[in-house]
Amino acid sequence: MKNPIFLGLISLFIFFSCNQKSEIGSDISKDSEQIKAGKVLFENNCSTCHNFEQKGIGPNLSGLSHTVESSWIKDFIKNPAAVIETNDPRAVQLFEDYKIYMPAFPSLAEKDLDAILSYLHTYEHLPDSLPQIGLEDPIPDTVPDSGIRVELELFSQLPASDAEHPMAKMTKMDVAPGTDRVFINDQRVGLYELIGKKPNLYLPITDLKPELVSKPGWATGMASFTFHPEFTKNGLFYTAHTEPGGTQLSDYGYSDTIRVFMQWIVTEWKADDPKAAVFAGSNRELVRIDIPSQAHGMQELAFNPSAKSGDEDYGLLFIGFGDGGLTEKRAAYLSDNKGTKVYSSILRIDPKGNNSPNGKYGIPPTNPYATVAGKAGEVYAYGFRNPNRIFWDNKGNMFATDIGQHSVEELNKIEKGKFYGWPIREGRFIMNPFGKFREIFPLQEDDEKFGVTYPIIQLDHDELAAIFAGYIMPSGPLQGKFIFGDILSGRLFFADLDDLENSGVQTWGVIYEGKEISLLELCGGKRVDLKFGQDASGQVYIMSKTEGKIFKLSMN
């Protein structure tokens, strides 16, 4: 052997058989501590020559443990020359491809080899049949303009909570069930009630939760809230907010080298007097979850408004929880968790129960994984990057918008236990979570085996950058249509969810003070940060947290 080059730890990537056995990799542990140990071994020994995106001095190792038997990998690590000398076809091909022997590692203990395999197993393989370059324009069709224009008027203004944009970080308008009381949040400040057109601070959350942080990012702070369907009787409502990583011991996290940047907390509040103009009462924490960034966290809390007492959903809290940036931190194995973790999921919990792992809430027995070993019982559906808005139509069907990574925005019809694709899919396209996030690829012929439920609406970034859902319009020129828009530009869209195949998606616009104007122009030409709201009468509003303004749509 002449001049053996240190090839990291394993020069193995070859012949991925078309007839792979389903049991390959089933013997590899997914224990987080073992993965962590394997990552350290890999980075210390082989990361200079191997990665999981492309070939280098050694081969791209993404997907190796999913296609090559564990025993073979271990044997090759311990003595590659000996395996080559047996004329093993994999080993011989490797030698022919790279023209060099990998040094042997006989000193590695069995536990070290197991740890390395656990880490390698977190990386999937991008199919060889995909093109070398991703799609330049995944959805070439252009959304047509309907010609519909709706009158808009300024309705209210939240007080500025900062001297810089966004002036008031509102994300949601909601009504206390059984009342006509309208509430709206400012992520920095808390919860306002709109009394007439004037905001009255109902819940000063920064006084009651002093660890709350609303920087950095547009999504941090008190991002969502919702009222229990029996609020007028029990005084219960719920908020989601962020605190710095490590503020308290979390209920859900990851044992890894990835930092914990923030924690998302769901709090239950109990008002002593549900009719009071200012909150007075108690609160308790339901769950605390670690994330590695300020993005894609807990953007939505909601109860099914169509559920009645005795229905399966009644009194159950839905939580939209993204991947927290785990995929971007090269930890897609934590977001591609197949329902084993709470990340990248829509959760459903019973706030009045106590059979959760932390004993502070309940796991509904009708949840798809309530009694499945190795699964997170809270998970209702999974495979989302950022399920930022959950809503129900008049028929009780559940939907969620999901903000994409770089290419595609989605509206999904949500069904219990279904997988919605992230992080291996973005819309109806393949994404390699261990490769380049800006590239997506056409679906392959064997796509059914992945069991993905695809969006009912998908639009690429030629049309909008970040989707946000509105409502089914109860009246006016858009009556019966589902309205939605682009968070950044404020571009407005609608669709008939009962007839998507024939009607498709169209755009609409607004008229303000007698003049047709884009929301971007109306909000100063930089960023709208579009949100929608609705009051108890069905009246729909458009909100911009860039300016802290609330606009009322004409419903005639």
Side-chain angles (χ1 to χ4, degrees), residues 172 174 177 223-231 234 236-240 251-252 264-268 284-289 296-324 335 337-393 395-402 411-422 453 469:
K172 186 173 184 177
D174 204 1
S224 188
F225 67 96
T226 192
F227 290 87
H228 192 277
E230 298 178 0
F231 170 74
N234 60 27
L236 296 177
F237 64 100
Y238 302 84
T239 62
D251 298 299
Y252 289 100
W264 278 99
I265 299 96
V266 177
T267 302
E268 178 183 83
R284 69 184 184 98
E285 185 174 304
L286 295 187
V287 65
R288 180 178 291 258
I289 305 173
H296 324 160
M298 192 180 293
Q299 301 302 301
E300 179 71 299
L301 301 180
F303 289 94
N304 182 348
S306 62
K308 309 298 182 185
S309 180
D311 292 348
E312 180 182 315
D313 278 355
Y314 187 74
L316 301 184
L317 177 63
F318 287 85
I319 303 170
F321 199 84
D323 76 348
S335 54
N337 59 67
K338 299 178 175 59
T340 62
K341 300 183 184 300
V342 298
Y343 300 101
S344 302
S345 300
I346 292 175
L347 313 175
R348 186 175 71 167
I349 67 171
D350 180 2
K352 294 186 176 182
N354 60 10
N355 66 331
S356 62
N358 68 4
K360 297 179 181 179
Y361 57 91
I363 305 293
T366 52
N367 275 12
Y369 306 120
T371 59
V372 179
K375 299 283 190 177
E378 297 92 336
V379 171
Y380 186 82
Y382 64 98
F384 306 97
R385 178 179 179 268
N386 187 2
N388 67 337
R389 172 94 167 87
I390 299 169
F391 70 97
W392 288 260
D393 67 11
K395 299 176 182 178
N397 297 310
M398 181 180 176
F399 301 88
T401 46
D402 191 18
L411 173 70
N412 293 281
K413 184 177 181 180
I414 305 303
E415 297 181 61
K416 181 165 48 174
K418 293 294 182 68
F419 168 52
Y420 289 85
W422 184 259
T453 298

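Computation of the quantities below employed the complete heavy-atom set of this structure, encompassing side-chain atoms and omitting hydrogens, waters and symmetry-equivalent molecules.
R348 places a side-chain heavy atom less than 4.5 Å from the side chain of T366. In this structure the side chain of Y238 reaches within 4.5 angstrom of the side chain of H228, judged on heavy atoms. For the pair F391/E300, no side-chain contact is recorded, criterion being any heavy-atom separation below 4.5 Å from C-beta on. Looking only at side-chain heavy atoms (C-beta outward), N304 and L316 stay at 4.5 Å or farther from each other. Residues F237 and F225 have side chains not in contact (no heavy-atom distance under 4.5 Å, counting atoms from C-beta outward). Residues E378 and I319 are not in side-chain contact: their nearest non-hydrogen atoms beyond the backbone lie 4.5 Å or more apart. Taking 4.5 Å as the limit, every side-chain heavy atom of L236 sits out of range of all side-chain heavy atoms of E230. A 4.5 Å side-chain heavy-atom check between F231 and F303 finds every atom pair outside the cut-off.
D402 and W422 share no donor-acceptor pair across their side chains, judged by distance under 3.5 Å alone.
Minimum heavy-atom separation, N412 to Y420: OD1-CD2, 3.5 Å. The heavy-atom pair separating M298 from A223 by the smallest distance is O-CB, 3.8 Å. For Y382 against K338, the heavy-atom pair with the smallest separation is CE1-CA, 3.4 Å. Contact between P387 and I346 at its shortest, heavy atoms only, is CB-CG1, 4.2 Å. A pairwise comparison of heavy atoms in I349 and P351 identifies O-CD, 3.4 Å as the closest pair. Across all non-hydrogen atoms, the minimal contact from I289 to V287 is CG1-CG2, 4.1 Å.
Side-chain N or O atoms of K172 include none that pairs as donor or acceptor with a backbone N or O of T226 at under 3.5 Å. In terms of modelled atom types and a separation under 3.5 Å, the side chain of D323 and the main chain of S344 share no donor-acceptor contact. Looking only at distances, a side-chain donor or acceptor of D251 sits under 3.5 Å from a matching main-chain atom of R288. A donor-acceptor distance shorter than 3.5 angstrom exists from the side chain of D393 to the backbone of K395, with no hydrogens or angles considered.
The line from OG1 of T401 to CZ of F384 is 10.0 Å long, rounded to the nearest 0.5 Å. Taking CZ of F419 as the reference point, atom OG of S345 lies at 10.0 Å (rounded to 0.5 Å). Expressed to the nearest 0.5 Å, how far CG of L286 lies from CD1 of I265 amounts to 11.5 Å. Atom NZ of K360 is separated from atom CG of N354 by 13.0 Å, given to the nearest 0.5 angstrom. To the nearest 0.5 Å, the span separating CD on Q299 from CH2 on W264 amounts to 5.0 Å.
Pairs engaging residues 340-365 under the ring pair (Phe, Tyr, Trp, His ring centres under 6.0 Å) rule: F321-Y343 [sequence neighbours left out].
A side chain to side chain contact (heavy atoms under 4.5 Å, CB included) with I363 holds for exactly one of N355, T371, V379; it is N355.
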(request) Assess whether side-chain contact (heavy atoms from CB on, under 4.5 Å) is satisfied between V266 and L317, documenting all intermediate values. (result) CA-CA 11 Å; V266 177; L317 177 63; 4.3 Å; yes
(request) Would you please test K352 and N234 for side-chain contact (heavy atoms from CB on, under 4.5 Å) and show each step? (result) CA-CA 12 Å; K352 294 186 176 182; N234 60 27; 4.1 Å; yes
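Taking a 6.0 Å sphere around NZ of K413, one finds it holds 12 or fewer heavy atoms contributed by other residues, nucleotides or ligands.
For T340, the side-chain contact (heavy atoms from CB on, under 4.5 Å) criterion is met by N337, K375, not counting sequence neighbours.
A cation-pi arrangement is absent between K341 and Y252, since the terminal nitrogen or guanidinium carbon is not both under 6.0 Å from the aromatic centre and inside a 45° cone about the axis.
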